[in-house]
Amino acid sequence: MKRKIHLIPKVKFFKNSIFSHQDSRRGLIGLAGNLKFINDSKQIKIINVTKKSVNKEIIGNHRHIRNSNQWEYIYVLHNNTETKVFEFRYQNYDEPIKKKILFAGDCVSVPPGCALGLLPLIEDSILIEISNKVYHDNYEKINLFT
């Protein structure tokens, strides 16, 4: 009889389409596609990157405690889909730290126990984080950028 193997979730990347429009009333930017929102979302953060943060200030640099069951979904927005927007560093549990360049339309799911950190590469970019739990003491600070 075969034993069932339980797969441990790891950081995953997926892509969506970007749309934008600007007129005298306002500017808008958004994502379209299978956004893979968490069914029981409890928190959404919208982070606007300023010039001061570009190539200097790290966003995140933490992991949610593995037994917290806290997931994060990260969505990257910018008007230019060809421009590098963030350097994303992550660690799946005790594996080596990895990095990936994120562009507008890139999305990332980060399961509990995995670490994340982002370095903004361009101003006027937007980062959206959606989580199934409210920001609380169920995380630990780490340094993925040493």
Side-chain angles (χ1 to χ4, degrees), residues 7-146:
L7 297 177
I8 298 172
K10 294 187 177 187
V11 173
K12 292 182 185 172
F13 299 90
F14 53 101
K15 189 80 166 168
N16 277 290
S17 298
I18 292 284
F19 61 91
S20 64
H21 175 77
Q22 188 161 349
D23 60 30
S24 62
R25 299 169 296 148
R26 45 83 177 122
L28 66 88
I29 188 168
L31 291 167
N34 183 1
L35 299 177
K36 302 185 183 197
F37 283 150
I38 302 168
N39 290 337
D40 195 18
S41 299
K42 298 279 192 267
Q43 176 177 276
I44 185 169
K45 288 189 274 186
I46 299 173
I47 301 164
N48 295 307
V49 174
T50 63
K51 186 176 184 176
K52 179 184 176 193
S53 297
V54 174
N55 292 310
K56 295 178 190 160
E57 302 292 330
I58 306 300
I59 298 169
N61 234 6
H62 70 279
R63 89 172 84 230
H64 291 281
I65 297 167
R66 195 168 186 168
N67 65 2
S68 71
N69 195 33
Q70 181 160 351
W71 284 77
E72 283 191 3
Y73 285 79
I74 297 169
Y75 303 89
V76 178
L77 294 170
H78 190 271
N79 286 329
N80 186 336
T81 58
E82 304 298 319
T83 302
K84 296 176 182 178
V85 181
F86 290 98
E87 178 182 321
F88 181 77
R89 294 201 186 179
Y90 64 102
Q91 185 177 31
N92 288 309
Y93 314 105
D94 295 325
E95 294 179 9
I97 295 170
K98 298 178 183 177
K99 68 180 176 179
K100 180 173 176 68
I101 298 299
L102 299 181
F103 295 83
D106 284 343
C107 307
V108 185
S109 77
V110 183
C114 296
L116 69 106
L118 298 108
L119 176 65
L121 302 175
I122 189 167
E123 65 181 297
D124 297 327
S125 56
I126 299 169
L127 187 69
I128 300 172
E129 290 183 12
I130 298 175
S131 182
N132 64 325
K133 300 222 174 176
V134 176
Y135 185 81
H136 201 266
D137 293 335
N138 59 351
Y139 70 95
E140 56 186 345
K141 294 298 275 179
I142 59 169
N143 193 352
L144 299 171
F145 288 83
T146 54

Practice problem: Return the minimal non-hydrogen interatomic distance between Pro112 and Ile65, and the atom names on each side. | Solution: CB-O, 3.9 Å

Quiz item: Tyr90 versus Val110: any side-chain heavy-atom pair under 4.5 Å?
Solution: no

Quiz item: Got Val11 and Leu116 here, is their nearest side-chain heavy-atom distance under 4.5 Å?
Solution: no

Practice problem: May I ask you to test the Ile130-Glu72 pair for a side-chain heavy-atom distance under 4.5 Å? | Solution: no

Quiz item: In this structure, are over 12 heavy atoms from other groups packed under 6.0 Å from Glu140 atom CD?
Solution: yes

Quiz item: Atom OG of Ser125 and atom CG of Asn80: how far apart are they, to the nearest 0.5 Å?
Solution: 11.5 Å

Quiz prompt | Nearest non-hydrogen partners of Leu144 and Gly117, listed with the distance | solution = CD1-N, 3.5 Å

Quiz item: What is the distance from atom CD1 of Ile44 to atom CD1 of Ile128, rounded to the nearest 0.5 Å?
Solution: 6.0 Å

Quiz item: How close do Gly60 and Lys141 get, heavy atom to heavy atom, and via which atoms?
Solution: O-NZ, 3.1 Å

Quiz item: Between Arg66 and Ile8, which heavy-atom pair has the shortest distance, and what is it?
Solution: NH2-CG2, 3.4 Å

Exercise. Tell me, yes or no, whether the heavy-atom count around Lys12 atom NZ, taken from other residues, nucleotides or ligands under 6.0 Å, exceeds 12.
Key: no

Quiz item: So Tyr93 and Cys114, side-chain contact (heavy atoms from CB on, under 4.5 Å) or not? Walk me through it.
Solution: CA-CA 5 Å; Tyr93 314 105; Cys114 296; 3.6 Å; yes

Self-check item: Minimum side-chain heavy-atom gap Phe86-Val108 below 4.5 Å
Solution: no

Self-check item: Interatomic spacing from CD1 in Ile74 to CD1 in Ile47 - rounded to 0.5 Å
Solution: 8.5 Å

Quiz item: Heavy-atom distance under 4.5 Å between the side chains of Lys15 and Asp106, does that happen here?
Solution: yes

Quiz item: Side-chain contact, heavy-atom cut-off 4.5 Å: Phe103 with Lys84?
Solution: yes

Quiz item: Counting N and O atoms only, with roles assigned by atom type, does the side chain of Asn132 sit under 3.5 Å from a partner on the main chain of Asn69, one being a donor and the other an acceptor?
Solution: yes

Exercise. Any chance you could measure Leu77, atom CG, to Ile18, atom CD1, to the nearest 0.5 Å?
Key: 5.0 Å

Quiz item: Can His64 and Lys133 be said to form a side-chain contact (heavy atoms from CB on, under 4.5 Å), step by step?
Solution: CA-CA 10 Å; His64 291 281; Lys133 300 222 174 176; over 6 Å; no

Exercise. Indicate the ring-plane relationship of Trp71 and Tyr73, choosing parallel, tilted or perpendicular according to the 30° and 60° boundaries.
Key: parallel

Quiz item: Of all heavy-atom pairs between Glu57 and Lys52, which one has the smallest distance, and what is that distance?
Solution: CG-O, 4.2 Å

Practice problem: Evaluate the side-chain proximity of Val85 to Leu121: yes if any heavy-atom separation is below 4.5 Å, no if none is. | Solution: no

Self-check item: For the student: nearest non-hydrogen atoms of Ile122 and Val49, plus distance
Solution: O-CG1, 3.7 Å

Self-check item: Gap between atom CD of Gln91 and atom CZ of Arg63 - 0.5 Å precision
Solution: 5.0 Å

Self-check item: Heavy-atom side-chain proximity of Ile101 to Glu87 below 4.5 angstrom
Solution: yes

Quiz prompt | Atom pair CG (Asn61) and CZ (Arg89), whose distance is rounded to the nearest 0.5 Å | solution = 9.0 Å

